[in-house]
Amino acid sequence: MAVRKAGRVAASVAAVALLGAVVTGCDSGDDGDGDWTGTGKKSPSASGTPSGSAEKSPSQETGPAAKVPPASVNDLAKVPTKVKGGVITVGDPSAKHTVKVYEDPRCPYCKKFEENGAQALVAPLAAGDVKVEYTIASFLDNNFGGDGSKNAANALRAAVDTGKYPQFHAALFANQPEESDDGFTPAFLLKIGTAAGIKDAAFEKAVTGNAHKAWVATAMKAFTADGVSGTPTVEIDGEKAPADSLYDEGDFGKVLEKAGVS
């Protein structure tokens, strides 16, 4: 199992197949070639298409509409969301259990976590048994260039003020571009907002005007201050969840149950 340290992947190799590849995680020390572990293994969704290429980005105005988030997120419509420092907390503030989730919007393994393992959080979140604290990093902009992670983090913060953070968060990962493509532009993020049911002039202004730039920097500082170097990293009541449990709803559900989350 990999040991967390600066410049290395924080998550251990997970025994989950994705197009025949071994799933690991996104490393804040990556040099931009997609070699997350230093072993020559590329990210499963890496296309090799650099930002600024002639290939059309999903963020272009003429592109298709964004995908809607999974139906399960509707169960979280009434769950409270708040911001404190660089952390976005979803769930009952008095919930018995706390799950900390560290993510970068451009990380393909975060997408795998959100679409698989994280689904085990929906029921306990809706029931008030757990709260989830999201720390949104943006280191992949340094690795691949562009501002996609920072743009997405800004939009996630703006979504809190609309009361639809869970919906937007789910839609964001459902529409994640290739990590080497700087696809999270304001225009595309507004399409994602529409797919998430957000119709709010203030949200549009915040996304296009980068209104939460300072908060994005604060969130990245919180990520670094917590000693996290890769995404996704998940902690349950202070204990790090096994990396090989994150990409399967059943496996992660067992980890939650072991921690006492019902």
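All figures in this text were calculated on a predicted structure; none of them were measured in a lab.
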So, taking the atom named CG in D226 and the one named CD in E235, what distance separates them when rounded to the nearest 0.5 Å?
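Going from the CG atom of D226 to the CD atom of E235 covers 7.5 Å.
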How far does CZ of R106 sit from OG of S138, to the nearest 0.5 angstrom?
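Rounded to the nearest 0.5 Å, the CZ-OG separation comes to 10.5 Å.
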Step through the shown structure and confirm whether more than 12 heavy atoms of other residues, nucleotides or ligands are within 6.0 Å of NZ on K100.
->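 Open: at most 12 neighbouring heavy atoms sit under 6.0 Å from NZ of K100.
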Is the side chain of [X] donor-acceptor paired with the backbone N or O of [Y] at a distance under 3.5 Å, no angle test?
| X | Y | value |
| --- | --- | --- |
| T162 | A158 | no |
| Q119 | E114 | yes |
| N151 | D182 | no |
| Q167 | N74 | no |

Can you find a side-chain donor-acceptor pair between S149 and D104 that sits under 3.5 Å?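 The criterion, which ignores hydrogens and geometry beyond distance, is satisfied for D104 and S149.
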- Taking the six-membered ring for Trp, are the ring centroids of F113 and F252 within less than 6.0 Å of each other?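 Yes; F252 has its ring centre under 6.0 Å from that of F113.
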Considering only heavy atoms from C-beta outward, does the side chain of [X] approach that of [Y] to under 4.5 Å?
| X | Y | result |
| --- | --- | --- |
| H212 | D161 | yes |
| L156 | Y134 | no |
| F139 | T231 | yes |
| I192 | F184 | yes |
| L246 | P232 | yes |

Considering the options V216, D147, T208, which one meets the side chain to side chain contact (heavy atoms under 4.5 Å, CB included) requirement together with N154?
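Exactly one candidate clears the test, V216.
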| Sequence neighbours excluded, every pair satisfying disulfide bond (SG atoms under 2.5 Å apart) that has a member inside residues 85-122 |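 Listed by first then second residue: C26-C107.
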Side-chain polar contacts of residues 84-97 - donor-acceptor pairs under 3.5 angstrom, sequence neighbours left out - could you list them?
{"unit_1": "D92", "atom_1": "OD1", "unit_2": "S94", "atom_2": "N", "d": "2.9"}
{"unit_1": "D92", "atom_1": "OD1", "unit_2": "S94", "atom_2": "OG", "d": "2.8"}
{"unit_1": "D92", "atom_1": "OD2", "unit_2": "S94", "atom_2": "OG", "d": "3.4"}
{"unit_1": "H97", "atom_1": "ND1", "unit_2": "D237", "atom_2": "OD2", "d": "2.7"}
{"unit_1": "H97", "atom_1": "NE2", "unit_2": "G260", "atom_2": "O", "d": "3.0"}

> Under 30°, 30 to 60°, or over 60°: which ring-plane class applies to F203 and F168, parallel, tilted or perpendicular?
Replying inline: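 Perpendicular: the ring planes of F203 and F168 meet at over 60°.
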